[in-house]
Structure formats: C-alpha cells, structure tokens
Amino acid sequence: MTVNRPRGTRDFLPEDTARRKYVENIMRNITCNWGYSEIITPTFEYLDLFTLKSGEGIERELYNFMDKGGRAMTLRPELTAPVMRLYVNELQSFPKPLNLFYFENCFRYERPQKSRFREFWQFGVELIGSEKPDADAEVIALAYALLKAVGVSCYMKIGNLAVIRTLLRGLQPEIVSKVMRLIDKKEYVGLEVLIEEIGVEDQLKFNLFKLIKLEGRYITPQVKEIVGNIPELVAFEKTLKLLDTYGVDYFLDFGIARGLDYYTGMVFEVYADGLGAQKQICGGGSYQLIQLFGGGDVPSTGFGIGFDRIMEICTLVNPAPKKVVLISKPETHLEAIKLATELRKYLPVRIDLMERNFKTQLSFANTINADYVIIVGENELGVGKLTLKDMISGEQELLTLGEIIEKFS
RNA sequence: GUUGAUGUAGUUCAGUCGGUUAGAACGUCGGAUUGUGGUUCCGAAAGUCGUGGGUUCGAGCCCCAUCUUCCACCCCA
C-alpha cells in the first residue's frame with residue numbers, strides 16, 4: 001500500500017524546483033530593488049483572522065482545525081490578512097510608508113482544477129501608510145514590472161470602486177454587494193433583472209450601464225460626466241498619469257469589483273491566456289483592513305500574484321549549472337574525495353558513491369548528462385595532474401587542479 | 001458542495017468475446033575480464049490491474065461505491 005500525496009498538492013522534481021527558484025528569485029530581486037523588504041508570517045493563524053476579513057462564509061474553503069488546546073486555527077488561505085495582523089502587532093510605530101513583500105504557500109480546501117491547487121504559492125506586496133496616487137501607481141507599476149520580467153503575456157485592467165460606490169450610494173449595502181458581484185462577473189442580464197426588481201431610478205440605471213460599458217484608456221472625462229468631479233476621480237486621474245510615466249500598459253474598467261468589501265478605491269487585475277478558466281494571475285488594490293484587526297486608520301495598497309499560474313505560462317529558462325563528475329579507482333578514491341572537497345568550493349561536483357568500476361562511473365556521468373568528467377587515476381596522480389574530459393566533444397586534457405579551477409571560474 | 005471524463009510496472013501504453021502464470025517499449029540496475037561514456041548485445045528488478053464490495057464456475061474487462069487525476073461550476077490567485 002503506497003501512500004499518496006494529498007489531493008491538490010504537488011511534488012516538485014529537481015528540474016521543476018530549479019525553475020521555480022529561478023523565477024522566484026527574479027521576482028524577489030526586482031521587488032527588493034523597488035525598496036520592498038521580505039517578511040515571513042506563520043503558516044497557520046487563528047481562524048478569526050480570516051473570518052473577520054472575509055466573513056464566516058469562507059470557512060468551508062479553509063483548511064481549518066482545532067489544535068490540542070481547543071483553539072480554532074487555519075492554514076492561511078492568503079497573505080494580506082496575516083501581513084496586516086503583523087503590522088498591527090509589530091510595525092505600527094515604524095516609519096511610513098512601509099514597503100513589504102512576501103512569497104509563501106497558501107492553502108484552500110477547494111476542488112482542484114487547472115491552475116488551482118489546494119496548496120499554492122503567492123507572491124505579493126503590501127504598501128502600508130500612504131493613500132496617495134503615488135502609492136497606488138508604484139504598486140501597479142511594480143506588479144507590471146514583475147510580470148514583464150518573467151515573460152508572461154497578459155493584460156491589465158484598472159478600475160476604481162469609489163466611482164461606482166458614489167453612483168450606488170443611495171442603495172442598501174446588501175443590494176450594493178449584489179450589484180457589485182453581478183458587475184464583476186459581467187452578468188448584465190442578471191444585473192438588469194435585479195435593477196428592475198429593486199426599482200431604481202431610470203437615471204441611475206442609465207448611468208450605471210453607461211459606466212460599466214465604458215472601455216479604453218482615456219475615458220475619465222466620460223466618467224466625470226456620469227459621477228461628477230469627485231475627489232476620488234481627481235486622485236485616480238493623477239494615478240493614471242503617473243502610470244503613463246511609469247510606462248504601464250493598461251485598460252480602464254469600472255466594472256472591476258474584486259468581490260471583496262474592504263477595497264476602497266483603486267483596484268486592478270491582470271489576466272493571461274493559456275490558463276483555462278483560472279486566468280487571473282494578479283489582483284490588487286487599495287484597501288482598509290488595519291482597523292478591522294485593531295490598528296489605526298491606516299490605508300494600504302497591495303497585490304497578490306498567483307505564482308503557480310505564472311510558472312505555467314512563463315517562458316523563462318533557468319541557466320543550468322555545469323555538471324561535473326569525478327571518477328576514481330579504489331586506489332585513488334580517498335584522494336578523489338579530497339580533490340572533490342576542494343573543487344566543491346567552486347562548482348557542483350559528484351563522486352562515485354556506489355563502488356562502481358571505472359567504466360560504469362563514466363557511463364553514469366553520461367547518463368546524467370554531465371558536461372565534464374574529471375578522472376582521478378593513478379596515472380594522473382603520478383604526475384600530479386588530473387584528466388579533464390569534455391563529455392560533449394569527447395576531448396580530454398591533462399591539467400593541474402589549479403588549471404581546472406581556473407577553467408571553471 | 002455540483003457536473004463530466006479518467007485510472008494497467010518509475011513513464012508512455014497494449015491486453016481479443018469475461019477464460020490458465022497480465023505484456024511491450026522507454027527508463028532504472030547489472031553484465032559483455034585490463035583506465036574511457038553515448039551505439040550494440042545479454043540479463044534482472046519492477047504490477048494486490050487505484051481501492052473496497054458485488055455478479056459469475058471464472059473479472060484487468062461487467063455492476064455499485066469510494067478515492068485520485070484532469071476539465072468545468074462555485075469561489076478566487
């Protein structure tokens with residue numbers, strides 16, 4: 001009876017892992033260069049942290065459990081809430097703005113499908129303390145830079161919830177939620193039905209449909225005609241101007257609702273092709289969560305990137321390190337270990353661990369696609385040298401250890 | 001939670017109408033005597049046919065359940 005991997009989890013083989021680490025580090029380096037610092041939060045948290053943020057409803061898609069002390073816990077389903085909790089616990093008195101990022105695994109108890117797993121990795125950024133257009137613009141521009149750097153073809157949609165909230169301010173909160181959900185899903189027929197049911201004014205209905213059907217990049221003048229010259233829109237225009245300066249490509253879409261109530265103003269989403277139904281690779285916006293966790297009235301902006309989805313469509317190839325195998329004979333094996341130890345200061349070296357004969361060691365080197373073989377035999381040691389064999393060309397030369405090190409450095 | 005497909009060595013797949021001991025290729029390991037790989041040849045290991053029931057004299061094959069994987073819904077990354 002073999003034990004299998006739990007549902008919705010994956011094993012990453014050496015090749016997969018190398019590629020993931022490569023892409024991951026590219027994203028890390030870029031984000032560090034934008035002045036963001038990486039943080040790590042616990043893999044599990046109190047269940048409350050997430051029900052507080054997203055409502056009791058999400059409990060059914062959480063990996064939650066009671067610990068031995070009878071506390072309700074859960075594996076984290078996302079990282080925005082943990083980062084906000086960390087901020088409230090530890091960082092409230094630090095200088096603003098705080099530029100943080102994370103790269104961690106998350107867990108959701110859902111049916112797996114294409115690009116959706118029960119354990120998945122999220123890369124994300126949270127900029128805490130500024131609600132200025134510059135903050136929004138930098139976060140979007142960083143997301144854009146990351147996606148460009150890892151070579152995925154995608155498009156970005158930016159919206160602003162303040163606009164649509166202004167339009168809907170006369171309606172009851174539950175109605176607003178319903179409307180937003182339908183808008184987010186672009187279910188215009190359903191939306192029309194709902195609007196008929198609740199009987200809103202014709203003017204509002206007209207404006208609403210006009211707003212959500214606006215498309216393109218320079219549509220803010222038309223938006224102004226609909227909702228007026230509200231301060232949020234003025235700030236948003238400023239953000240967009242900054243984005244043009246950053247050189248970010250985007251579409252505007254005031255129909256983005258992001259499903260969640262705590263987003264306050266700017267929201268954005270990035271979609272890619274080739275992922276089936278799960279084609280959103282990034283989502284973010286500005287939000288107010290800190291008060292919810294007992295902190296002050298501090299604004300923040302952030303995004304999350306679905307790293308597994310990036311890996312599925314990203315075209316980057318990690319550079320493979322040269323593979324070197326050291327071949328020895330029983331008489332020279334101890335000397336080979338000493339040489340390997342020295343060479344391992346410079347590059348990856350494998351030695352025989354199977355007591356194989358000369359020929360089989362060479363054959364093994366070939367099987368694993370080694371680039372070079374270094375022969376540590378009596379003949380070589382007799383003259384104080386080693387044979388370096390190029391496994392691709394088949395050529396070999398007699399060199400000193402120093403010469404070999406020089407060749408590889 | 002809902003729907004549809006799926007499952008046979010490590011991998012990709014055969015397996016006749018339900019009939020004896022489930023096969024192949026690739027891969028892995030070993031061998032073809034001396035310190036030179038790839039090609040070739042020989043050999044070996046490797047499977048409770050996803051699992052559990054049922055039908056049958058007899059099930060890899062038929063039926064039921066369950067699990068996995070994959071696609072989609074829901075939700076979201």
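Keep in mind that the numbers below use all heavy atoms, side chains included, and drop hydrogens, waters and symmetry copies. Keep in mind that what you see is a predicted model, and the values were worked out from it rather than measured.
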*Strictly below 4.0 Å, heavy-atom distances to any atom of RNA chain B: list the hits from residues 330-339 of chain A, or just say none.*
none
_What's Gln278(A) touching, base or sugar-phosphate or nothing? Going by heavy atoms closer than 4.0 Å._
base
*Length of the CZ-C1' vector between Phe101(A) and A77(B), whole Å*: 18 Å
*Partner nucleotide, any strand, of A65(B) [Watson-Crick/G-U, under 3.5 Å]*: U51(B)
*asked:* Pairing check on A24(B): which nucleotide meets the Watson-Crick or G-U wobble criteria with it, both distances under 3.5 Å?
replied: U12(B)
_Base, sugar-phosphate or nothing for Phe117(A)? Non-hydrogen atoms, less than 4.0 Å._
base
*Using the C1' atom on both, measure U68(B) against G23(B) and round to a whole Å.*
25 Å
*Mind checking side-chain contact (heavy atoms from CB on, under 4.5 Å) for Ser393(A) and listing every partner two or more places apart, or none if nothing turns up?*
Asp390(A), Glu395(A)
_Candidate nucleotides A77(B), C29(B), C75(B), ranked by approach to the side chain of Phe120(A) - the nearest_ = A77(B)
*Please list, chain by chain and in numerical order, all residues satisfying side-chain contact (heavy atoms from CB on, under 4.5 Å) with Asp48(A), sequence neighbours excluded.*
Thr51(A)
_With sequence neighbours excluded, residues passing ring-ring contact (aromatic ring centres under 6.0 Å, His included) with Phe303(A)_ = none
*Identity of whatever pairs with C76(B) - Watson-Crick or G-U, under 3.5 angstrom*: none
_The criterion is side-chain contact (heavy atoms from CB on, under 4.5 Å); which residues satisfy it with Leu242(A), sequence neighbours excluded?_
Pro133(A), Asp134(A), Ala137(A)
*Considering only the C1' atoms, how many Å lie between U11(B) and G47(B), rounded to the nearest integer?*
14 Å
*Quantified in whole Å, what is the P atom distance between nucleotide G37(B) and nucleotide G31(B)?*
14 Å
_What is the separation between atom CD1 on Ile281(A) and atom C1' on A77(B), rounded to the nearest whole Å?_
10 Å
*Spacing between Ile368(A) atom CD1 and C29(B) atom C1', to the nearest angstrom*: 16 Å
*Would you mind reading off the distance between Gln361(A) atom CD and C29(B) atom P, rounded to a whole angstrom?*
13 Å
*In terms of side-chain heavy atoms, does Glu380(A) have a donor or acceptor partner in Thr387(A) at a distance below 3.5 Å?*
yes
*Non-neighbouring partners of Tyr63(A) that pass ring-ring contact (aromatic ring centres under 6.0 Å, His included), sequence neighbours left out*: Tyr109(A)
*asked:* Between Tyr250(A) and Phe268(A), is the ring centroid distance below 6.0 Å?
replied: no
*Going by the salt bridge (charged side-chain N to carboxylate O under 4.0 Å, His left out) test, which pairs reach into residues 285-308 of chain A, not counting sequence neighbours?*
Arg10(A)-Asp308(A), Arg20(A)-Asp308(A)
_Closer than 4.0 angstrom, basic N to acidic O: yes or no for Glu397(A) and Lys407(A)?_
yes
*asked:* Base, sugar-phosphate or nothing for Arg10(A)? Non-hydrogen atoms, less than 4.0 Å.
replied: nothing
_Separation between the C1' atoms of A59(B) and G54(B), rounded to whole Å_ = 11 Å
*Examine A72(B): is either OP1 or OP2 under 4.0 Å from a nitrogen or oxygen in the side chain of Gln113(A)? Give yes or no.*
yes
*Partner set under salt bridge (charged side-chain N to carboxylate O under 4.0 Å, His left out) for Glu406(A), not counting sequence neighbours*: none
*asked:* With rounding to the closest Å, how many angstrom separate the C1' atoms on C64(B) and G27(B)?
replied: 38 Å
*Provide the distance between the two C1' atoms, one in G15(B) and one in U21(B), to the nearest whole Å.*
15 Å
*Could you run through nucleotides 33-43 of chain B and give me one letter per nucleotide, 5' to 3': B if any protein heavy atom sits under 4.0 Å from the base, S if only the sugar-phosphate is that close, - if neither?*
--BBBB-----
*Tell me, please, which residues at least two apart from Asp352(A) pass side-chain hydrogen bond (donor to acceptor under 3.5 Å, both in side chains).*
none
_Tell me whether Glu78(A) is salt-bridged to Arg108(A), with the criterion being a basic N under 4.0 Å from an acidic carboxylate O._
no
*Kindly say if Arg356(A) contacts the phosphate of C29(B), meaning a side-chain N or O under 4.0 Å from OP1 or OP2.*
yes
*Using atom C1' of each nucleotide, how far apart are G58(B) and U6(B) to the nearest Å?*
27 Å
*asked:* Applying a 4.0 Å non-hydrogen cut-off, can you work out what Gln122(A) is touching in the nucleic acid: base, sugar-phosphate, or nothing?
replied: sugar-phosphate
*Listed by chain and number, what are the side-chain hydrogen bond (donor to acceptor under 3.5 Å, both in side chains) partners of Arg111(A), not counting sequence neighbours?*
none
_Taking any heavy-atom pair under 4.0 Å as a contact, classify Arg7(A): base, sugar-phosphate, or nothing._
sugar-phosphate
*Assign the ring pair Trp34(A) / Tyr246(A) to parallel, tilted or perpendicular, where the plane angle (0 to 90°) is split at 30° and 60°.*
parallel
*Paired with U6(B): which nucleotide, if any, by Watson-Crick or G-U wobble criteria at under 3.5 Å for both distances?*
none
_Interatomic distance at P, G19(B) relative to C62(B), whole Å_ = 12 Å
*Base-contact (B) and sugar-phosphate-only (S) positions in nucleotides 1-11 of chain B, heavy-atom cut-off under 4.0 Å, - elsewhere*: BBB--------
*asked:* Can you tell me the base-pairing partner of G37(B)? Count Watson-Crick or G-U wobble geometry only, both distances below 3.5 Å, and say none if there is no partner.
replied: none
*Starting at CG of Leu13(A) and ending at P of U28(B), how long is that distance when rounded to a whole Å?*
15 Å
*asked:* Heavy-atom nearest nucleotide on RNA chain B for Trp121(A) versus Pro6(A): which residue maps closer to 5'?
replied: Pro6(A)
*Relative to the 5' end of RNA chain B, which residue comes earlier, Leu275(A) or Arg108(A), by the nucleotide with the nearest heavy atom?*
Leu275(A)
